[in-house]
**Student:** 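The structure follows.
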Protein chains: 2
Amino acid sequence: MVTIQDVARAAGVSTATVSRVMNHSGYVSEKTRKKVREALKSLNYSPNPFAKGLITRKSELIGYVLTNIENPAYVPTARGIQDAAWVRHYQVLIYNTDGNEAREIEFLSHLRRIRVDGIIHDSVETPESHLIRTHLSDLLNDGVPIVMLGTPIEGVRVDRVSINNAKGFHLIVEHLVQLGHRRIAFIGGPEKNFIAEDRLKAFVQSMESFGIEVDSELVRHADFRESGGYAEAAHLLAMDRPPTAIAAANDLMAIGVLRCARDHGVRVPEELAVTGFDDIRDATLVFPSLTSVVVPSYDIGKRSVAILFERIDGVDRLPEEIFIEPVLAIRESTVPRTARRAKREAASR
Amino acid sequence: MVTIQDVARAAGVSTATVSRVMNHSGYVSEKTRKKVREALKSLNYSPNPFAKGLITRKSELIGYVLTNIENPAYVPTARGIQDAAWVRHYQVLIYNTDGNEAREIEFLSHLRRIRVDGIIHDSVETPESHLIRTHLSDLLNDGVPIVMLGTPIEGVRVDRVSINNAKGFHLIVEHLVQLGHRRIAFIGGPEKNFIAEDRLKAFVQSMESFGIEVDSELVRHADFRESGGYAEAAHLLAMDRPPTAIAAANDLMAIGVLRCARDHGVRVPEELAVTGFDDIRDATLVFPSLTSVVVPSYDIGKRSVAILFERIDGVDRLPEEIFIEPVLAIRESTVPRTARRAKREAASR
DNA sequence: TTGTACGCGTTATCAA
DNA sequence: TTGATAACGCGTACAA
């Protein structure tokens, strides 16, 4: 491998000068600069990142800790992070915890070992042990900035970007109420899960704001997965007085609800309205397409990296929390296509 | 940051001894080892990867170059790669080319700069310029092993893992023929695209093997995207003698076909059978669920890394090509649910 | 079994 | 405007 020495020799200058040309630092005469450039090119030189990192203490790497990249809700965020990072030629390391704390701890210590310049932490699980908190604190003490996306970790005060779940569910409930629904069921995530609780609270408060008391029979807990949505929908549809609408806490469960309705011969949206949350791409691919809360995940990814870079650049201010406002995408799972067309035409008149 | 010197001092030994303990190399007495272990722990030491890399010349990083991680067909592969890499505590850098050659070239030189230990190259595009080849050759000359997954690059002889498209389409055509279809349309990828051509050829040969001549009117080119599948399906369904089955070269296009059929009031599978390729998760989520060729993407990812590690470890042999045999997943888009149930029952008798 | 000292390839400081 | 050289923190050959 060609080193800076080889380039210096070829250009007939010192290594210091080559370094100056490479890093656009210090003074170099135009003539020397040209010589060096040529040597650089002809030798196809690329600086050794290890030697460089030893001095600069920057790895130009950021870590993205998430539950599982196979969950489509994460993919646009990951892509947003990658794109924003690449603007400064940073690369992103993806760590799939699968909700396993031991794994996450391994990952956090790896992140520390390899000296990432920053971390984006995005997990749906609420950790039970304090070890994760300890490791995150160690990282912070080392000066590694962290931006939180999913579940906040108790006692770790860092910048946070979060979705306004209250607003999201207000949009959902408002929409359903306008359609005449009063008996609205909710399929949430696991108990003792921060995000699940936040969305449940958001649902209940929205209902109350419309003067509807929530029937506790209609509040179900599942696992954020399609199969969980299916199972809970089956339960709800088998009730003596089944709900006329089911609001799921995420799209995957809502898709499970759709499948369950179809299997039980329940027509959507005529007999049952269904809504999701996240607006993953599948929401538009399924039939009927799913009314969902649009979370601008790609932008959230970009935004997180912007904050991370501020910290990497040494900006010093108190941790802040940014709320992202979602919007509603109305589709066939709540409003029949013909009705939507009629509505659109009425609006355009 | 604590260094090996600090640990040595704390343990009352030399840095060499600490290094020996850390790397399980050389002889260290049990007593000293214990002292060092304690110092290691109490100082919460982690070796500087830059200094280490400078010596070992290993970054413990591998690059995964693909078209776009937002395409669900890639996600399981990425996850397989990550999981297999993590077994040796390697991490994976994802590079989304978006089919843009300039971007890919930037990426390849970044990969070289940061001294990744290996590369997995997985692209649907067939590059037009020779620059990509040049960069890949540079990498190979530097001793960086490469495993190809998608489109082979002309003139770059490396290990390759590829799907047996011929087998895949044979399964599709066989299935459709058994159902009585003869007038089968094909919606492929762009012209001059390796994978698209390979799958088209696979389709044509399968058809011929069943003694069916392919009507060139029924062979369409699209872009591997849902919208492309929709548009070509619209064209096919508007023909005087429309096909009774449409085989798409990937699932996304097939899902577009399903949507188009629904919009035109064509019942699937009764009036039109539809098949995909890749078996992305959406294939089971859509309605009707999609008959598709199951490509074991996760395993392909793992397999690629296994080969990469062999090369990283210095195995010396000629480049080999591994063919992955796909299987068929029969779902509602070709066989009505009731028929499948009947069939199953008949089989179990 | 342990320690000393060199070299890995940069960047940065200081002197020229 | 340029060059010599001292770090950076580790692994390892060699000496003890």
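As the structure is a prediction and not an experimental result, all values here were calculated from the model. As a basis for the values below, the full set of heavy atoms in this structure was taken, side chains included, without hydrogen atoms, waters or symmetry mates. Here is the naming used below: chain letters follow the sequence lines, and residue numbers restart at 1 for every chain.
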**Student:** Would you mind telling me which residue lines up with the more 5' stretch of DNA chain C, A:S46 or B:R33, judged by nearest nucleotide?
**Tutor:** B:R33

**Student:** Grab the CZ-C1' distance between A:F50 and C:dG7 for me, whole Å please.
**Tutor:** 16 Å

**Student:** Hey, does B:T17 reach any base, or is it just sugar-phosphate, or nothing, if we go heavy atoms under 4.0 Å?
**Tutor:** sugar-phosphate

**Student:** Rounding to a whole Å, what distance do you find between A:R115:CZ and D:dC8:P?
**Tutor:** 14 Å

**Student:** Taking atom C1' of C:dT10 as reference, at what distance in whole Å does atom CZ of B:R113 sit?
**Tutor:** 15 Å

**Student:** In this structure, how many angstroms lie between the C1' atom of C:dT4 and the CD atom of B:Q5, rounded?
**Tutor:** 12 Å

**Student:** Of the nucleotides D:dC10, C:dT1, C:dT13, which one has an atom closest to the side chain of B:Y27?
**Tutor:** C:dT1

**Student:** With a cut-off of less than 4.0 Å, is there a side-chain N or O of A:T15 near OP1 or OP2 of C:dG9?
**Tutor:** no

**Student:** With a 4.0 Å cutoff (strictly under), does any side-chain N or O of A:Y45 reach OP1 or OP2 of C:dT10?
**Tutor:** yes

**Student:** With distance as the sole criterion, is a donor-acceptor pair present between the side chains of B:D117 and B:S59 under 3.5 Å?
**Tutor:** yes

**Student:** State whether A:S19 places a side-chain N or O below 4.0 Å from either non-bridging phosphate oxygen (OP1 or OP2) of C:dT11.
**Tutor:** yes

**Student:** Is any side-chain N of the basic residue among A:D138 and A:R112 closer than 4.0 Å to the acidic one's carboxylate O?
**Tutor:** no

**Student:** By nearest atom, which of the nucleotides D:dG9, C:dT1, C:dT13 is closest to the A:R20 side chain?
**Tutor:** C:dT13

**Student:** Does a side chain donor of either B:S123 or B:E125 reach within less than 3.5 Å of an acceptor in the other side chain?
**Tutor:** yes

**Student:** Determine: side-chain N/O of A:N23 to OP1/OP2 of C:dT11, distance under 4.0 Å, yes or no.
**Tutor:** yes

**Student:** Using the rule side chain to side chain contact (heavy atoms under 4.5 Å, CB included), only one of A:K35, A:R33, A:K34 pairs with A:R37; which is it?
**Tutor:** A:R33

**Student:** Could B:D6 and B:R9 be called an ion pair, given the rule that one side-chain N must be under 4.0 Å from one carboxylate O?
**Tutor:** yes

**Student:** Would you please confirm or rule out a distance under 4.0 Å between OP1 or OP2 of D:dG9 and any side-chain N or O of A:R57?
**Tutor:** yes

**Student:** So does B:T3 get a side-chain nitrogen or oxygen closer than 4.0 Å to the phosphate oxygens (OP1/OP2) of D:dG9?
**Tutor:** no

**Student:** Of the candidate nucleotides D:dG11, C:dG9, D:dA4, which contains the atom at the shortest distance from the side chain of A:A16?
**Tutor:** D:dA4

**Student:** Without decimals, in angstroms, what is the distance between A:N48 CG and C:dG7 P?
**Tutor:** 17 Å

**Student:** Between D:dG3, D:dG11, D:dG9, spot the one nearest the side chain of A:V13, thanks.
**Tutor:** D:dG3

**Student:** In whole angstroms, how far is the C1' atom of C:dT10 from the CG atom of B:L54?
**Tutor:** 8 Å

**Student:** Drop me the distance from B:L54's CG to B:R115's CZ, to the nearest 0.5 angstrom.
**Tutor:** 10.0 Å

**Student:** I need the CE-C1' distance between A:M1 and C:dT10, as an integer number of Å.
**Tutor:** 15 Å

**Student:** Please pick, from C:dT10, D:dC10, C:dG9, the nucleotide with the shortest atom-to-atom distance to any side-chain atom of A:I4.
**Tutor:** C:dT10

**Student:** Start at the 5' end of DNA chain C and walk down; is the nucleotide closest to B:V28 or to A:V2 reached first?
**Tutor:** B:V28

**Student:** When the distance from CD1 of B:I55 to C1' of C:dA5 is rounded to whole Å, what number comes out?
**Tutor:** 12 Å

